[in-house]
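Notes follow the structure.
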Amino acid sequence: MITEKDAVIHNILTRRTIRRFLDRQIEEEELLTVLEAGLYAPSARGRQGVLFVVSQNREVNEKLGRIKKNNSHVRMSTDTVYISKEQPSIADDSSIMNAFYDAPTVITLFVPKDFLYGPYDASAAAENMLLAAHEVGLGGCYIGSAWDSFRDPFGQEILKEWEIRTDYYAALHVLLGYPKDAQAPKAKERKDGRIIRK
Ligand SMILES: Cc1cc2nc3c(=O)[nH]c(=O)nc-3n(C[C@H](O)[C@H](O)[C@H](O)COP(=O)(O)O)c2cc1C
């Protein structure tokens with residue numbers, strides 16, 4: 001039985017997705033801690049193929065977040081089926097135009113196109129980063145299908161400006177910022193029947 005006694009377990013159990021951020025950039029030291037956690041994630045064959053591109057350029061982040069929103073064909077939430085009422089996602093609130101929720105820091109994880117395990121590696125790194133963010137008091141959000149954020153001429157220009165190798169693609173983003181709300185969002189109930197023991 002997991003208890004919250006252990007600091008690592010406590011961190012895992014209390015991390016929640018944050019989409020409402022303060023309008024303030026994060027401290028450099030906190031950013032470096034989160035990045036280091038990403039660098040130390042497991043990677044298939046120990047390849048360490050994930051590239052972490054940090055953008056703290058508000059204008060670029062906003063433009064990419066809008067492109068992402070325009071390319072996201074989400075099924076909108078209902079009263080009973082929703083992602084989060086406390087930290088609404090673009091599926092919960094159609095008035096949100098920026099799929100990056102105005103987060104001051106957006107980290108895009110790029111992986112090699114020719115490597116089957118690229119997205120898995122990026123995902124492992126993202127979770128390490130989200131847990132580290134939570135540990136240092138930052139809020140974080142995982143954004144999947146990051147290639148959607150670059151699917152227009154502006155996005156393509158940014159890839160060139162960032163000097164991203166053409167044999168890499170954007171797998172996901174990790175958004176970071178200080179949580180706007182003092183109250184942490186509640187976790188949904190865990191669904192029954194997901195652990196099968198034989
Ligand atoms: C693969 C993956 C993709 C996700 N993509 C998005 C996304 O595009 N936008 C978003 O707001 N949240 C995204 N999330 C965050 C989930 O909505 C969130 O983890 C989920 O609602 C559970 O909430 P919790 O993280 O607070 O436990 C994603 C999470 C995962 C694991």
Side-chain angles (χ1 to χ4, degrees), residues 2 4 8-21 34 37-38 41-44 50 52 55 61-111 116-152 155 169-192 194:
I2 297 174
E4 291 196 11
V8 174
I9 301 298
H10 179 77
N11 177 283
I12 291 171
L13 296 185
T14 56
R15 178 213 57 81
R16 295 275 70 78
T17 292
I18 299 300
R19 301 186 184 85
R20 288 167 46 80
F21 299 101
V34 171
S43 67
V50 180
F52 304 78
S55 173
N61 290 345
E62 175 163 0
K63 282 191 178 160
L64 294 177
R66 282 174 177 265
I67 297 169
K68 171 71 173 152
K69 153 92 185 194
N70 291 337
N71 285 321
S72 299
H73 303 289
V74 290
R75 190 169 348 123
M76 291 309 287
S77 299
T78 65
D79 274 352
T80 49
V81 182
Y82 55 85
I83 293 175
S84 175
K85 290 202 193 288
E86 297 151 287
Q87 300 280 328
S89 73
I90 56 168
D92 299 312
D93 179 351
S94 59
S95 73
I96 299 173
M97 292 304 162
N98 176 354
F100 296 164
Y101 309 104
D102 300 317
T105 296
V106 177
I107 306 175
T108 307
L109 276 58
F110 288 87
V111 298
L116 177 67
Y117 296 109
Y120 304 100
D121 287 356
S123 212
E127 177 64 349
N128 263 19
M129 294 164 80
L130 292 170
L131 292 173
H134 179 44
E135 183 63 27
V136 300
L138 294 173
C141 180
Y142 185 129
I143 302 285
S145 315
W147 51 85
D148 275 344
S149 313
F150 302 93
R151 266 203 302 130
D152 92 344
Y169 72 97
L172 60 90
H173 308 278
V174 172
L175 312 180
L176 297 174
Y178 296 112
K180 196 170 192 173
D181 307 315
Q183 181 84 28
K186 277 209 209 75
K188 284 184 184 164
E189 288 288 309
R190 298 298 98 178
K191 292 184 179 170
D192 285 335
R194 296 163 66 207

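One-based numbering, in listed order, for ligands and for the atoms of each. Excluded from the calculations below are hydrogen atoms, water molecules and symmetry mates; all remaining heavy atoms, backbone and side chain alike, are included. A quick note: this is a predicted structure, and the numbers were derived from the prediction, not measured.
Among protein heavy atoms, the minimum distance from atom 9 (N) of ligand 1 is reached at Ile143 CD1, 3.4 Å. Gly144 N, 3.2 Å is the protein heavy atom nearest to atom 5 (N) of ligand 1.
Arg15 counts as a contact of ligand 1, since one of its heavy atoms falls under 4.0 Å from the ligand. Using a non-hydrogen distance threshold of 4.0 Å, Ser84 does not register as a contact of ligand 1.
Although no hydrogens or angles enter the test, the distance criterion places a donor-acceptor pair under 3.5 Å between the side chain of Lys85 and the main chain of Asp79. Put simply, the side chain of Ser89 gets close to the backbone of Ala91: a donor and an acceptor are under 3.5 Å apart. Between the side chain of Arg15 and the backbone N or O of Leu13 there is no donor-acceptor pair closer than 3.5 Å. Between the side chain of Asp102 and the backbone N or O of Glu62 there is no donor-acceptor pair closer than 3.5 Å. In this structure a side-chain-to-backbone donor-acceptor pair under 3.5 Å is missing from Asp121 to Ser43.
A side-chain donor-acceptor contact under 3.5 Å links Asn11 and Glu135. Asp92 and Gln87 form no side-chain donor-acceptor contact under 3.5 Å, judged by distance and modelled atom types alone.
The atoms of ligand 1 that sit less than 4.0 Å from any heavy atom of Ser89 are 11 (O). In summary, the atoms of ligand 1 found under 4.0 Å from a heavy atom of Cys141, numbered by their order in the structure, are 10 (C), 11 (O), 12 (N). For ligand 1, the atoms lying closer than 4.0 Å to a non-hydrogen atom of Arg16 are 24 (P), 26 (O), 27 (O).
Proximity of Ser72 to ligand 1, defined as any heavy-atom pair under 4.0 Å, is not found for any part of the residue. For Arg19, every heavy-atom contact with ligand 1 shorter than 4.0 Å involves the side chain, none the backbone.
Note that Lys180 lies outside the cation-pi zone of Tyr178, set by a 6.0 Å cut-off to the ring centre and a 45° limit from the axis. For the pair Lys69 and Tyr101, the cation-pi test (distance below 6.0 Å, angle within 45°) is failed.
Nearest to atom 23 (O) of ligand 1 by heavy-atom distance, out of Thr17, Thr14, Ile83, is Thr17. Looking at Tyr142, Phe100, Tyr101, it is Tyr142 that brings a heavy atom closest to atom 7 (C) of ligand 1.
Closer than 4.0 Å to atom 20 (C) of ligand 1 lies none of the heavy atoms of the protein. The nearest protein heavy atom to atom 2 (C) of ligand 1 is closer than 4.0 Å.
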